[in-house]
Trainee: 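Before we start, here is the structure in question, set down as structure tokens.
Remember, it's a predicted structure, so these values are computed and weren't measured experimentally.
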Amino acid sequence: MGMAILAFLTLSCVAFYFSFFRIPAVQANDGREFLQAALQQIEEVKPGQILHSSYTLYRRTPPADLEPIDPYHLPYHQIWPDKEYEDTWLEISEAGKVSRWRTQLRSTDGELLQDLMFDGVVETDYFPKDGRAVQFPGESADFRDERVALIQNFLQHSHLSRRENLSPDGNPVLSVYGESVAIQFSAQRELSIAEALLSFSRPFIADLKPVSTTNRIDFDPATHLPVGTGQSVWDSSGAEHVISYRAFSQPIILSVTNVDPKAIFRQEIPTEAFQDAFSLPAATQLTTLEQLAQLARYPVYVLPESMLDWKLVLATFNPSTHSSAPAFLQGIDLAASSGVGVQTIYTNHDNSANLFIVQGPTADMNHVLRQTMPTWLMSERIQLLLDDEQFSAWALIGQESSRMRYVIEAGDTIVYVDSRGIPAKQVIELLSRFTKVQQ
């Protein structure tokens, strides 16, 4: 029981620290001497060697209670991952330059997010989730150990302070802070919480309203080797918040006689990733409801032609199977083009309002909506009528009072509705008039 309580208290302290930490007593006079001594502990990398460094990247995320509760959007933990892993390899030439380098970024699940490499002539940047790669000329630069550069840059500060601390993962560290700078005007600081959420600002600080900021380097208390660096901000109450942090394990120095450099500096990239543009297959434009009934293999809902104030201006359908579009082309706005569903657009008599609707099979629509960036801030469970049948639905509520979105779970079909220029009550009334197309 005692061990369980101790473990619980330790985890609680770590979680509390990373988001809300009050400054302990500061040792203000020995920061510079400590950094100078730490420089002497760093092993020098020699020409002809390869330096392999591993990092854990932390960024502050929005508080969990800010995420809309509906399941029909890309989850916040994917938009704002609190942790990612990076590996970097640097090959040092006889002239002391970085002759080749490679950096890979991975998620906590091990998924490759980025693969960037310089082969001595050309830099190739590959983004697997987007299925995209670019190349451009590069230049070799003089090698400078990142840890040495970090400490030397810190030594330029006129005031340094040192204190005992905890790293974001809860390990004891010795932190050296640079001088704190007041935040007077900052585009990120001036964002409201809603604006920061909708712009997907990283790291997320809109709820903090910080007044000052500084950087810090953390050191292992036993070896005095650097183990991480981060940025902190302080709010008006004097509480410190670590908003970004880069933890690094001690680098591994590899000899070219013990490893195969070709294996390290070889990327595997599909040829199609280098294409300049990606186009989704063109959807079929439909002219009659009979066509719609023949093509769709699931229930589809339309506004009756008797609704004279509203006109169907576009109906499209792609009969091909769901395409494997890159991540940046996935989402509800492109669902019809990627073969997921039927898209219909209605406008009123003076084109001052419109209804954008995508509907398709439940499984496919679920997938697409869960790839959609949330452009709404709240969601609530409601009941809606379609063709005199009541269904569960989600109202997705954003900043614009004239825009409402709904996801209707209509049995084998999911109906996504995006309305503009129409009051919410009128949208619900219009939806109740929709009828099912007879198959």
Side-chain angles (χ1 to χ4, degrees), residues 70 72 282-319 331-337 340-362 365 368-369 372 374-439:
D70 67 274
Y72 294 114
T284 301
Q285 187 163 332
L286 308 177
T287 57
T288 67
L289 295 181
E290 288 75 16
Q291 284 182 296
L292 190 57
Q294 292 171 0
L295 292 172
R297 301 301 180 190
Y298 45 86
V300 175
Y301 297 85
V302 297
L303 198 59
E305 294 179 355
S306 59
M307 297 287 296
L308 300 179
D309 287 343
W310 291 87
K311 178 174 62 174
L312 177 65
V313 295
L314 183 67
T316 56
F317 178 77
N318 189 337
I332 193 62
D333 292 335
L334 296 168
S337 296
V340 172
V342 174
Q343 173 184 297
T344 50
I345 300 177
Y346 296 88
T347 63
N348 63 354
H349 63 282
D350 62 359
N351 293 323
S352 63
N354 63 67
L355 281 175
F356 170 87
I357 299 173
V358 177
Q359 47 196 315
T362 297
M365 289 290 287
V368 167
L369 285 164
T372 299
T375 51
W376 53 92
L377 301 168
M378 298 172 55
S379 54
E380 60 182 18
R381 207 61 153 130
I382 61 173
Q383 299 291 313
L384 288 177
L385 285 177
L386 286 177
D387 198 18
D388 294 327
E389 188 174 356
Q390 191 173 71
F391 296 107
S392 292
W394 287 92
L396 313 176
I397 305 164
Q399 275 190 305
E400 306 165 71
S401 59
S402 61
R403 184 179 183 186
M404 282 296 298
R405 306 167 190 81
Y406 300 91
V407 175
I408 308 169
E409 299 163 342
D412 294 334
T413 302
I414 282 184
V415 182
Y416 171 81
V417 180
D418 187 348
S419 67
R420 305 186 189 218
I422 317 171
K425 286 186 177 180
Q426 188 179 347
V427 177
I428 292 173
E429 170 63 21
L430 276 173
L431 290 173
S432 71
R433 304 292 185 89
F434 273 65
T435 59
K436 187 186 300 185
V437 174
Q438 297 302 315
Q439 302 293 309

Trainee: Report the residue from Glu380, Arg405, Glu409 that forms a side chain to side chain contact (heavy atoms under 4.5 Å, CB included) with Trp394.
Mentor: Glu409
Trainee: Step by step, work out the side chain to side chain contact (heavy atoms under 4.5 Å, CB included) result for Tyr406 and Ile382.
Mentor: CA-CA 9 Å; Tyr406 300 91; Ile382 61 173; 3.8 Å; yes
Trainee: Begin with the C-alpha distance, continue with both residues' side-chain angles, and end with the deciding distance and a verdict on side chain to side chain contact (heavy atoms under 4.5 Å, CB included) for Thr435 and Val302.
Mentor: CA-CA 6 Å; Thr435 59; Val302 297; 4.2 Å; yes
Trainee: Once rounded to the nearest 0.5 Å, what's the spacing between atom CG of Leu303 and atom OH of Tyr346?
Mentor: 5.5 Å
Trainee: What distance do Asp350 atom CG and Asp309 atom CG have between them, rounded to the nearest 0.5 Å?
Mentor: 9.5 Å
Trainee: Are more than 12 heavy atoms, taken from residues, nucleotides or ligands other than Arg403, located less than 6.0 Å from that residue's CZ atom?
Mentor: yes
Trainee: Heavy atoms only: give me the nearest Ala410-Phe391 pair and the separation to one decimal.
Mentor: CA-CD2, 3.5 Å
Trainee: Please report the interatomic distance CD1(Ile408) to CG(Leu385), rounded to the nearest 0.5 Å.
Mentor: 10.0 Å
Trainee: Give a yes or no on whether the backbone of Gly411 and the side-chain of Thr362 come within a donor-acceptor separation of less than 3.5 Å.
Mentor: yes
Trainee: Check Val368, Val358, Leu369 against Ile414 for a side chain to side chain contact (heavy atoms under 4.5 Å, CB included) and give me the one that passes.
Mentor: Leu369
Trainee: Any side-chain heavy-atom pair from Leu386 and Lys436 closer than 4.5 angstrom?
Mentor: no
Trainee: Check for a donor-acceptor pair, side chain of Asn348 on one end and backbone N or O of Ala353 on the other, with a separation under 3.5 Å.
Mentor: yes
Trainee: Nearest 0.5 Å please: distance from the CH2 atom of Trp310 over to the NE2 atom of His349.
Mentor: 9.5 Å
Trainee: What distance do Leu396 atom CG and Met404 atom CE have between them, rounded to the nearest 0.5 Å?
Mentor: 7.5 Å
Trainee: A side-chain contact here means heavy atoms from C-beta on lying under 4.5 Å apart; do Met365 and Val407 qualify?
Mentor: no
Trainee: If you look at every heavy atom in Thr372 and Trp376, which pair is closest and at what distance?
Mentor: CG2-CH2, 4.4 Å
Trainee: Indicate the atoms forming the closest heavy-atom contact of Ser392 with Arg381, along with that distance.
Mentor: CB-NH1, 3.6 Å
Trainee: How long is the gap from CD on Glu400 to OG1 on Thr375, to the nearest 0.5 Å?
Mentor: 8.5 Å
Trainee: Is Thr413 reaching over with its side chain to a backbone N or O of Tyr298, donor-acceptor style, under 3.5 angstrom?
Mentor: no
Trainee: The test is salt bridge (Lys or Arg N to Asp or Glu O under 4.0 Å); show your working for Glu429 and Lys425 and say whether it passes.
Mentor: CA-CA 6 Å; Glu429 170 63 21; Lys425 286 186 177 180; over 6 Å; no
